[in-house]
Amino acid sequence: MGIKECLINALTDSLSRAVGMSRHEISELFKELKLKLAPTPSPELGDYGVALHYILHREKIPREEWGVFGENITRELMSSSYRDKCYIVKAEFTNGYLNIWIDYPRILRDYAVYVLTGRIFDELKSRGRGRRVIVEHTSANPIHPLHVGSGRNTVIGSTFANLLRKLGYDVREHFYVDDMGRQVAVLVYGVSLLSKRGVEPGPDRKIDHWYGIVYALTNILIEKAKLEKKLVEEAARIHDVISEAAEKLLGLYRVTGLAPIYELHVSFKNASWKKRYIHNLYQIIRRLDKLLEKTMKRLGNEESKGLSKIVDWFRRETSGFLEDYREYMEYVEAENRLGILEPSVHDVLEEEITDPLIAEEAISELMRKYEDEDPIVSDMFRKTAGDVLEGFRETLGRIGVVFDEYDWESSREIRGLTRLVVEKALSTPYVVLEDNAVILDLGKAAREDDYVRELFGGEEPGRFVLRRSDGTTLYGTRDVAYSIYKFGKLGAEKVYNVIAHEQAREQKQVKAALHLLGYHDYAEKLVHLDYEMVNLKGFSMSSRRGRIYTLDELIDDYVEIVVRDYLENKIRGVGGLKYRIENLEEFQSTAEKLAVANTRALLLSIDPRKTLAFDPSKLQEHLEGSWILYTYVRLQSILRKHYGYEPLEHLEEIGRDLIDKLDSIKEIFLERSEKELLESLLGYPETLLTVEESLETNKLLEKAMDICMKANKFYEELPVLSEKDRGKKYTRLILVALTMIILKELLEIMKLPKLKVV
RNA sequence: GGGCCCGUAGCCUAGCCCGGACAAGGCGCCGGCCUUCGGAGCCGGAGAUCCCGGGUUCAAAUCCCGGCGGGCCCGCCA
């Protein structure tokens, strides 16, 4: 290919002659991007254009003489030997731009051979040369079902893995099972209380969803109990505050003689006695606060000066209580909501979890025992996490994701390497020992080591604790160990970690630690593919309160929308209310595929580094997946009709046939919509290479959408099969085939399910 | 308080790294085309101080400086 490069050479040659600058100077201008060759904004202006204003200005050519200059440069270009080489058919100078027209039919012929023989795909494959790469993604805590946030991780990760496969890497997808943290211990604690009383997961609920409720309720009941304790303790103090406020108000009345202040005093005095009766302290505070507010307004700026001091003091004293109370009520609300879902789980946990301190102690005990490899506790952790992972596998299977490996944080290898990490750290010059804790002083490292300094940029690197005073290790320590495992044991030449942006700093610390421990190579080949969170409109997710929008729900919601959309369309059209679904099973499978396509497309649709926000009640506005699949189906149906067989099953035959027809499209003029479609298709290889570099997986979806849009316009405008002119017909058939083939590749990368018919 | 990221029509985004010709696409809205291969589509229309202010430049959404607004991170948590 290399049209652009060719044109740049041609322009360098012609410009140097027309202006009298050396070729070297001109080519430097291109390199410095003072001159830039780019597609024109519209076909009327030619295919490619270059802005020459810089040269015009530099050569001090007055506006009136631009025309002469233009003629000159155009003549040079059209008479040069590059004219033929670069497919140039015409050049024109307007407003300081030199615009060039290209021989598209010839490009189409070349590209058709490139794609239809499969050479394009072989060339892309040559990039990776079978090198082993690990993409770690999803790695959600096994405590509740995957939610839309984890879903975004999964979709980005698996898409990126597939992209690398197309680029010829030997890709492994790994899931890191984070089973040694506190959260899993909370779940295990809840499960242990339940199993003691014979409450087990039942068949009515997907297993990870059941565990999700157990985790949330266990957490909620502990947090609620803690707050309860705190509120009881606070209440006594608050009553004192109210009494004191009453005294202060009385004092202020005596000084100022303002009657409304005496009114306040009576209200506060009364309130301070209310503790003898059963009244909601929260409401009392709110009422008193309102009274204060009203009186402030009533008195005006001058008179309320003394009072405002009391108000500020009162608010300071009570704000903590109010905050805790509100949080407490949120837990109560969450408890009620989940209790209705699984009453037996709720009732048992409510009875068992009474003292939060006992619960906390039990959870810490579980963690310690797991770290010490106590056999009974280990079984409990393994069983619980394993059950939740079973639920994950089911969901992931729906969206076409299968992991090559689940790596357990608690595995022998990673435990062993974790010890090694601490040991090695001890012999680095950056280690700090405090109460038996092992800490890497990354700040010091940044001052002395270029790699570490550059890694953190302006950021404060902080201290990286590898071992606590009590001898246990931390998540980050095990993460460093896991990285060594991925490179050392698994032989990865590059590792991509798909991890949320909030962990960016931790990922840098892991890299820094690897570097300081002597694994310079691993540090450099560890890539953090970071992505931002998912924000739902009108719904704030909180996994600790069991309020999550799960990936399963998202897919199911899409199934509903897809079915509704389709049937409403049919009912409005030919079918009427009696529209008959031919094959119910096939219909369901199609709906599922479309739902999955929409789910993946939605989660892939924007730059990973930006927050993805959508309204779950407006999913019908996000149907990019359906839209792409539908275009794909139409392309197939055109080829199916022409050849009389399934095009996807006979790609080689079709390729041979179309290559034979290439001679008949030599003298063809391409319509605008054809050129635009071809242009979009030409960009396919570059898109893959760009995404590998930039990690912007959304660009793949954008490319697919762009191709579909151009394809839709193309065959809306132009007939293919019914075209009488043989050359035109084959041009269009070739375009249809190329579009289908490239779209197929993109669908495979993004794992959008493939459909033959709708 | 410090660091990083983001701010583009009513809404969601692309373009910014690497400055160029009317700021692109989708949703929603208004008006057409009810399927001769394809209607989950296509065509047309309305709708933008590219957050604000300054600077560099022949030329700024893009680069630089200063504000404003939002998110995230700054644990012997994971």
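Scope of the values below: all heavy atoms of this structure, side chains included, with no hydrogens, waters or symmetry mates. To find a chain, count down the sequence lines: A is the first, B the second, and so on, and within it residues start at 1.
As a whole-Å value, the separation of A/Asp565 CG from B/rC27 P is 12 Å. What separates CG of A/Asp706 from C1' of B/rG15 is a distance of 13 Å, to the nearest Å. The interatomic distance linking A/Arg609 (CZ) with B/rA14 (C1') rounds to 13 Å, in whole Å. Following rounding to the nearest Å, A/Ile707 (CD1) and B/rG25 (P) show an atom-to-atom distance of 17 Å. If you measure from atom CG of A/Leu612 to atom P of B/rC11, you get 17 Å, rounded to the nearest angstrom. In this structure, CD1 of A/Ile638 is placed 14 Å from C1' of B/rU35, rounded to the nearest angstrom. Taking atom CG of residue A/Leu623 and atom P of nucleotide B/rC12, one finds them 18 Å apart after rounding to whole Å. As a whole-Å value, the separation of A/Tyr558 OH from B/rA40 P is 18 Å.
Within the nucleic acid shown, A/Tyr566 comes within 4.0 Å of at least one base atom, counting heavy atoms only. Among the heavy atoms of the strands lying under 4.0 Å from A/Ile606 are primed sugar atoms or P, OP1, OP2 only; no base atom is included. Using a 4.0 Å heavy-atom cutoff across all strands shown, A/Leu701 reaches no nucleic acid atom at all. Within 4.0 Å of A/Thr611, counting heavy atoms only, lie sugar-phosphate atoms of the nucleic acid but no base atom. Within 4.0 Å (heavy atoms only), A/Asp607 reaches sugar-phosphate atoms of the nucleic acid but no base atom. Residue A/Leu594 is in base contact, counting any heavy-atom pair closer than 4.0 Å across all strands shown.
For B/rC43 and B/rG26, the P atoms lie 8 Å apart once the distance is rounded to whole Å. Spacing between B/rG28 and B/rA46 at atom C1', rounded to whole Å, works out to 13 Å. On the C1' atoms, B/rG75 is 48 Å away from B/rU57, given to the nearest whole Å. Here, B/rA40 and B/rC74 have their C1' atoms 48 Å apart, quoted to the whole Å. For the P atom pair drawn from B/rG15 and B/rU8, the interatomic distance equals 14 Å after rounding to whole Å. Rounded to whole Å, the P atom of B/rC30 lies 35 Å from the corresponding atom of B/rG70. Across the C1' atoms, B/rA23 and B/rA9 are found 11 Å apart, a figure rounded to whole Å. Between B/rA61 and B/rA14, the distance separating the two C1' atoms is 12 Å to the nearest Å.
Minimum interatomic distance between A/Pro719 and A/Glu717 (heavy atoms only, all atoms of both residues): CD-O, 4.1 Å. Here the closest non-hydrogen pair linking A/Ala91 and A/Thr74 is O-CG2, 3.3 Å.
Relative to the side chain of A/Met709, the nucleotides B/rC6, B/rG25, B/rC27 differ in distance, and B/rG25 lies closest. Distances from the side chain of A/Trp627 to the nucleotides B/rC37, B/rA14, B/rA40 place B/rA40 closest.
One finds no salt bridge joining A/Lys729 and A/Asp725 here, because no Lys/Arg side-chain nitrogen approaches an Asp/Glu carboxylate oxygen to under 4.0 Å. A salt bridge is defined here as a Lys NZ or Arg NE, NH1 or NH2 lying under 4.0 Å from an Asp or Glu carboxylate O, and A/Glu676 with A/Lys713 fails to meet this definition. A/Lys226 and A/Glu360 are joined by a salt bridge, as a carboxylate oxygen and a charged side-chain nitrogen come within less than 4.0 angstrom of each other.
Searching all strands for a Watson-Crick or G-U wobble partner of B/rC50 with both distances below 3.5 Å returns nothing. The partner of B/rG2, taking Watson-Crick or G-U wobble pairs whose two distances both stay under 3.5 Å, is B/rC73. Using the Watson-Crick or G-U wobble rule with both distances under 3.5 Å, B/rC42 pairs with B/rG32. The pairing partner recorded for B/rC58 is B/rG20, the criterion being a Watson-Crick or G-U wobble arrangement whose two distances lie under 3.5 angstrom.
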**Fill in**
Its contact letters, B for base, S for sugar-phosphate only and - for none at protein heavy atoms under 4.0 Å, make nucleotides 72-78 of chain B read SSS-BSB
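OP1 or OP2 of B/rG3 has not a single side-chain nitrogen or oxygen of A/Lys508 nearer than 4.0 Å. Phosphate contact (OP1/OP2 of B/rG15, side-chain N/O of A/Lys699, threshold under 4.0 Å): present. Phosphate proximity of B/rC43 to A/Lys713: present, with a side-chain N or O under 4.0 Å from OP1 or OP2.
Side-chain atoms of A/Asn712 stay outside donor-acceptor range of the base of B/rA40, with no qualifying N/O pair under 3.5 Å.
With ring centers used as reference points, A/Tyr176 lies 6.0 Å or more from A/Tyr406.
Nearer the 5' end of RNA chain B, as judged by each residue's closest nucleotide, is the contact made by A/Phe456, out of A/Phe456 and A/Asn535.
Aromatic ring orientation, A/His642 versus A/Tyr730: perpendicular (interplanar angle above 60°, classes split at 30° and 60°). Between A/His144 and A/His147, the ring-plane angle classifies as tilted under the 30° and 60° cut-offs.
Within the structure, the salt bridge (Lys or Arg N to Asp or Glu O under 4.0 Å) test picks out no pair touching residues 610-631 of chain A (sequence neighbours left out).
Of the candidates A/Leu681, A/Leu743, A/Leu635, A/Leu681 is the only one forming a side chain to side chain contact (heavy atoms under 4.5 Å, CB included) with A/Leu738.
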